[in-house]
Every structure is written in C-alpha cells, then in structure tokens.
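Quick notes on the structure that follows.
Please read all numbers here as calculations on a predicted model, not as lab measurements. Because only heavy atoms are used, hydrogens play no part in the values below, and waters and symmetry mates are left out as well, while side chains stay in.
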Amino acid sequence: MTRTDAPTNWARNTVFRARRVHRPASLDELRQIVAASDRVRALGTGHSFNRVADTTGDLVRLDALPGEVTVDPGRRHAVVAAGLRHAEVATRLHAQGLALANLASLPHISVAGACATGTHGSGRALQGLAGSVAALDLLTPDGGTVRLTRDDPAGRFDGAVVALGALGIATAVTLDVEPAFEIAQWLQTGVPLDAIAADTAAVFGSAYSVSAFTDWRSGTATVWQKRRTDREGGGDRPALLAAGAEHADRPLHPIPGMPPTYCTEQLGRPGPWHERLPHFRPEFTPSSGDELQSELLLPFEAAAEAVAAVRGLGERMAGALQISEIRTVAADDLWLSPAYGRDSIALHFTWTSDVRAVLPLIAAVEERLLPLGARPHWGKLTCADPADLAARYPRAADFAALAAELDPKGVFRNDLTEALFPSAA
C-alpha cells in the first residue's frame, strides 16, 4: 500500500518529507520498493524526536510484514520480524518460557528502530537493546539480502547493528534469549541527589535495573529498583539507599502528580519480566506524545560531575522540564552505540513540547556535559554539530567505509547521516 500524505513522528514535532509512504505486506513487495527507489528509509514506530528516519525519497513502514517470532532449537536465540514492537515480541517469548535480558522504558517501540538508534533500558550489567542482537538481516539497495552475524569474518557486524538505517533496511533481527524470570519493582522517594553522586555505583547496583527520576530542583530523586527474584529476592523491601529516603507506600508515575494508571506494577509485587522491566504497560499509551526528549550518555566515572553540572540548571529548566531520568548502560562493542567502549551513565530529559523554550535548555545542558565526554542519543534532540557528534565515536571512519561498501549509491542515506559521515556520501 502506498500513500502520499505526510506522516509525523510520535511527538508530532517532525513532519517527514517523503514523496511516498509505503506499507508493504510482503517481503517481495518491500524488495520491489527498495530496488525501484533512489532514496528509501524505514520508519519504525516514529518514536525518534529528530530526522534520523526522514527522507526526501520513499518512506517504508514495516509493521504490515508477517510478524514472525521463531525460537531456535537450542532456545538461545529468537529470530523476530524487524517491524514488531518489543511488547509483541516479549509476550510471545514469555509464552514459551523465554525472556530478553532488558527492555526500554516504553515497550511500544519497534525492535529494529530501537536497536538502530542505540536505545536502552537501565542496569549496571545490562547493555543497550542492540547488545542482544546476534544477527541481522538487511535488505540491500538492489532488493537482495545480506545476513551479518557476530562471527562475521569481515568484522562488519559491530558496525551494522546501531547504524541509523544507513546500511539497509532490517527485515529480521536475531536476539539472545534466556529462561523467563520475574521482577519485583520497589520505589524509594526522597533519595538525595548528593547520595546518588557520592556513590553512584551502589545506588545503581542496588537492583537488576535501576532508574532515578528527578526535577533537578528539589535536590532529591525517586529511585525505581527492579529486582530479579531469582537473583536478588523480591519479597523483602530493599534497604533504604540514604538518610531521608522512604519506601513509596503507593504506586507512582515518573512525573509527580500524574496518575500511575499506565505504569507497570509496583510495591514489590513480583511479576513476569516483560510486565516489570518497562515503566509503562503496553496496553496503554503512556502519553499523547505532547513532549520533546533529549538524552546524553557519559562515561560512568563522570557521573558525580555530570549530576552536579545539571543541578546548576535546575531553576532555569523549571517550567520546561517535565522530568529527568538517570540510568546506567553497560559497555558494548557496537561502533555507533552511545555506550561504545565504556560503561555509561545516561541523563534523559522529558521536556514540554515548546520547541522555542526547550532548545536553548538542551544547548545549555550540552554545554556542560559534552566536555565531559557525553554522546547524545541518536533518536532524540541535540543542538550539537554533526561533525562533533561523529568525532565522539572512535570507529566513525570505519562506519563511513562500511556504508560506502554496503550502499555505494547512498540509497539508504539521508541528510542527517550524510552530515555525520560525509566521507560516505
């Protein structure tokens, strides 16, 4: 199916410029679209806040393709259709007694889109979602297919998983799986930011997955601890993280004052991994998309300095910042992953939808954090120069060469990828 009306992203701050929008129902139909196009990009769930998925050519949605999830006989991997959302994959895996190691805050996002942009959950020992990718099937410019695996003899795999859609259209993703497990989710309120900065490793190592929500003005955070019952227990409340902290006595939403209706089960009630690791339930839309987002990932050892730097902007951000989330991401070897080569602390900002008010604040945050080695999330807003962004990745030149190899005519590139990697243009 082909449409001519212009779609927007989830937040409606970006109107895509594609001349045509396709929603193929078969892989053969997708092949024909790609082979006939001079410029083509895949659009997942549209949860990016910038133009990473944009194109002036053909835009392709993958959600109408056959949504297959196939577990291998050894039950160590699952091959999933790239257009599926994480919630869909998680439900099917759990029904077979299997799990993914990690999920993002929102299970509504597509598998391929999340991996391609370096999206992540939280956990001192947990890599971003792309870290669970064991193999990737990419559609090439002529409509053919190339399969890249971790043992790729040419060493291209690490450059292809987080690739911003610049190497081809992912049609299937092979993910690591493990036996299903349960999570008990506990919340602590009033945790001082000073305590988080003083012993970041202890706070974020206090559970399998930990997130801290703050407005940067109050001087405190609400810490969400997601504990694996098979490793950390789940029946007893975890010890308080610092003086002044308290255990939450009722469910909470990350944004103070918002109803927790859409949030996953809290108060320590154990439940399946896919119903606790995200912050929000897949059967609800957690918000209308009336927001903007930015995020920066820094070396973990810069956590205290980063927290202090952003606290200094707390009053200035009031009125434009809805909430900020602090998370951790384990290092990986994926060339364009924001956590490439280093354990990371991630500072995420959910802003109001007022672009004129928000962009100067994003610039102010980046002015303080970029000198500390921060790398902006590929799917969120940034004011940084593309050349500066690419320079933050030691394998950027290798990625440009890989793009030139797999897509010599630039069929899958767009303005953003060409600005980032001009040598591939």
| task | Verify whether the ring centers belonging to H253 and F280 lie closer than 6.0 Å. | result | yes

| message | Would V365 and L313 count as a side chain to side chain contact (heavy atoms under 4.5 Å, CB included) here? Give the steps. | response | CA-CA 8 Å; V365 170; L313 295 171; 3.8 Å; yes

| request: State whether R150 and D176 are salt-bridged, where the test is any N-O pair (Lys NZ or Arg NE/NH1/NH2 against Asp/Glu carboxylate O) under 4.0 Å. | output: yes

| query | Step by step, would you call D415 with R39 a salt bridge (charged side-chain N to carboxylate O under 4.0 Å, His left out)? | reply | CA-CA 11 Å; D415 291 348; R39 281 288 172 110; 5.1 Å; no

| remark: So CG of L106 and CZ of R281: to nearest 0.5 Å the spacing works out to 14.5 Å

| query | At their closest point, which heavy atom of A25 faces which heavy atom of L65, and how far apart are they? | reply | C-CD2, 4.0 Å

| message | side chain to side chain contact (heavy atoms under 4.5 Å, CB included), that's the test. Do D398 and L402 meet it? Break it down for me. | response | CA-CA 6 Å; D398 294 326; L402 180 59; over 6 Å; no

| query | Does D72 CG have over 12 foreign heavy atoms under 6.0 Å away? | reply | yes

| query | Closest heavy-atom contact between T140 and V34? | reply | O-CG1, 3.4 Å

| request: Report the residue from T119, T117, T382 that forms a side chain to side chain donor-acceptor pair (under 3.5 Å) with H377. | output: T119

| query | For the residue pair L167 and G159, what are the closest heavy atoms and their distance? | reply | CD1-O, 3.7 Å

| request: Please check if the side chain of N9 supplies one atom and the backbone of S48 the other of a donor-acceptor pair under 3.5 Å. | output: yes

| Just checking, any donor-acceptor pair under 3.5 angstrom between side chains of D151 and T149? | yes

| remark: Scanning both residues in full, the closest heavy-atom pair of L389 with A384 reads CD2-CB, 3.5 Å

| message | Quick check: do Q266 and L252 have side-chain heavy atoms less than 4.5 Å from each other? | response | yes

| Heavy-atom side-chain proximity of V162 to C115 below 4.5 angstrom | no

| note | Separation between CD1 (I326) and OG1 (T200), nearest 0.5 Å, reads 8.5 Å

| query | Can you list the residues that meet the ring pair (Phe, Tyr, Trp, His ring centres under 6.0 Å) rule with W335, with sequence neighbours excluded? | reply | none

Show every donor-acceptor pair shorter than 3.5 Å between a side-chain atom in residues 91-103 and any protein atom, with sequence neighbours excluded, or say none if there are none.
from : atom 1 : to   : atom 2 : distance (Å)
T91  : OG1    : A87  : O      : 2.9
R92  : NH1    : G67  : O      : 2.4
R92  : NH2    : G67  : O      : 3.3
H94  : ND1    : W273 : NE1    : 3.1

| query | Which heavy atom in V203 sits nearest to a heavy atom in I196, and how many Å separate them? | reply | CG2-CA, 4.1 Å

| Close side-chain approach of L30 to V60, heavy-atom, < 4.5 Å | yes

| request: Tell me yes or no: between the side chains of T45 and W10, is some donor less than 3.5 Å from an acceptor? | output: no

| request: Ignoring hydrogens and angles, state whether a donor on the side chain of Q293 or E295 is under 3.5 Å from an acceptor on the partner side chain. | output: no

| query | So, R327 and S105: side-chain donor and acceptor under 3.5 Å apart, yes or no? | reply | yes

| query | Distance from L334 atom CG to F157 atom CZ, nearest 0.5 Å? | reply | 6.5 Å

| S353-D290 side chain donor-acceptor pair, cut-off 3.5 Å | yes

| field | Side chain N50, main chain W378, donor-acceptor under 3.5 Å | value | yes

| Between the side chain of S122 and the main-chain N/O of T328, is any donor-acceptor distance below 3.5 Å? | yes

| note | Minimal heavy-atom distance between G319 and T352, with the atoms involved, is O-CG2, 3.7 Å

| Centroid-centroid distance, H279 to F213, less than 6.0 Å | yes

| query | Listed by chain and number, what are the ring pair (Phe, Tyr, Trp, His ring centres under 6.0 Å) partners of F412, not counting sequence neighbours? | reply | none

| task | Using salt bridge (Lys or Arg N to Asp or Glu O under 4.0 Å) as the criterion, list what pairs up with R269, not counting sequence neighbours. | result | E265

| query | Is the backbone N or O of H348 less than 3.5 Å from a side-chain atom of S324, with the two atoms forming a donor-acceptor pair by type? | reply | yes

| Just how far is it from atom CG of L84 to atom CD of E68, taken to the nearest 0.5 Å? | 9.5 Å

| Once you round to the nearest 0.5 Å, how far does CG of L292 lie from CG of L359? | 7.5 Å

| query | Stepwise, does the salt bridge (charged side-chain N to carboxylate O under 4.0 Å, His left out) test hold for R228 with D230? | reply | CA-CA 5 Å; R228 274 187 68 150; D230 61 335; 2.8 Å; yes

| request: Take L175 and V133 through the side chain to side chain contact (heavy atoms under 4.5 Å, CB included) test and state the conclusion after the steps. | output: CA-CA 5 Å; L175 302 175; V133 177; 3.9 Å; yes

| task | Using a 4.5 Å cut-off on heavy atoms from C-beta on, say whether the side chain of Y340 contacts that of D158. | result | no

| task | Could you tell me whether the side chain of S294 reaches within less than 4.5 Å of the side chain of F49, counting heavy atoms only? | result | no

| said: I want to check something: taking the side chain as every heavy atom from C-beta on, are L369 and L347 in contact at a cut-off of under 4.5 Å? | reply: yes

| request: Give a yes or no answer on whether the side chain of D343 reaches the backbone of A331 with a donor-acceptor pair at less than 3.5 Å. | output: yes

| Would D54 and R41 satisfy salt bridge (charged side-chain N to carboxylate O under 4.0 Å, His left out), going step by step from the backbone distance to the final call? | CA-CA 7 Å; D54 197 18; R41 300 279 290 178; over 6 Å; no

| task | State, without any angle test, whether Q127 and H120 hold a side-chain donor-acceptor pair at a distance under 3.5 Å. | result | no

| field | Check: A197 main-chain N/O paired with D194 side-chain donor or acceptor under 3.5 Å | value | no

| query | Going by the salt bridge (Lys or Arg N to Asp or Glu O under 4.0 Å) test, which pairs reach into residues 366-391, not counting sequence neighbours? | reply | D388-R392

| Distance from R61 atom CZ to S110 atom OG, nearest 0.5 Å? | 10.5 Å

| said: Taking the ring of F421 and the ring of F399, is the distance between their centroids below 6.0 Å? | reply: yes

| field | Lys/Arg-Asp/Glu bridge criterion (N-O < 4.0 Å) met for D332, R342 | value | no

| query | What side chain to side chain donor-acceptor pair (under 3.5 Å) pairs are there with at least one residue in residues 179-192, not counting sequence neighbours? | reply | Q185-K226, Q185-T264, Q188-Q225

| query | Heavy-atom distance under 4.5 Å between the side chains of L62 and L43, does that happen here? | reply | no

| Centres of the F181 and Y208 rings: under 6.0 Å? | yes

| query | How about L267 and P251: do any of their side-chain heavy atoms sit closer than 4.5 Å? | reply | yes

| task | Could you give me the CA-CA distance, side-chain angles and deciding distance for L420 and L164, then say whether side chain to side chain contact (heavy atoms under 4.5 Å, CB included) is met? | result | CA-CA 11 Å; L420 288 165; L164 315 184; 3.8 Å; yes

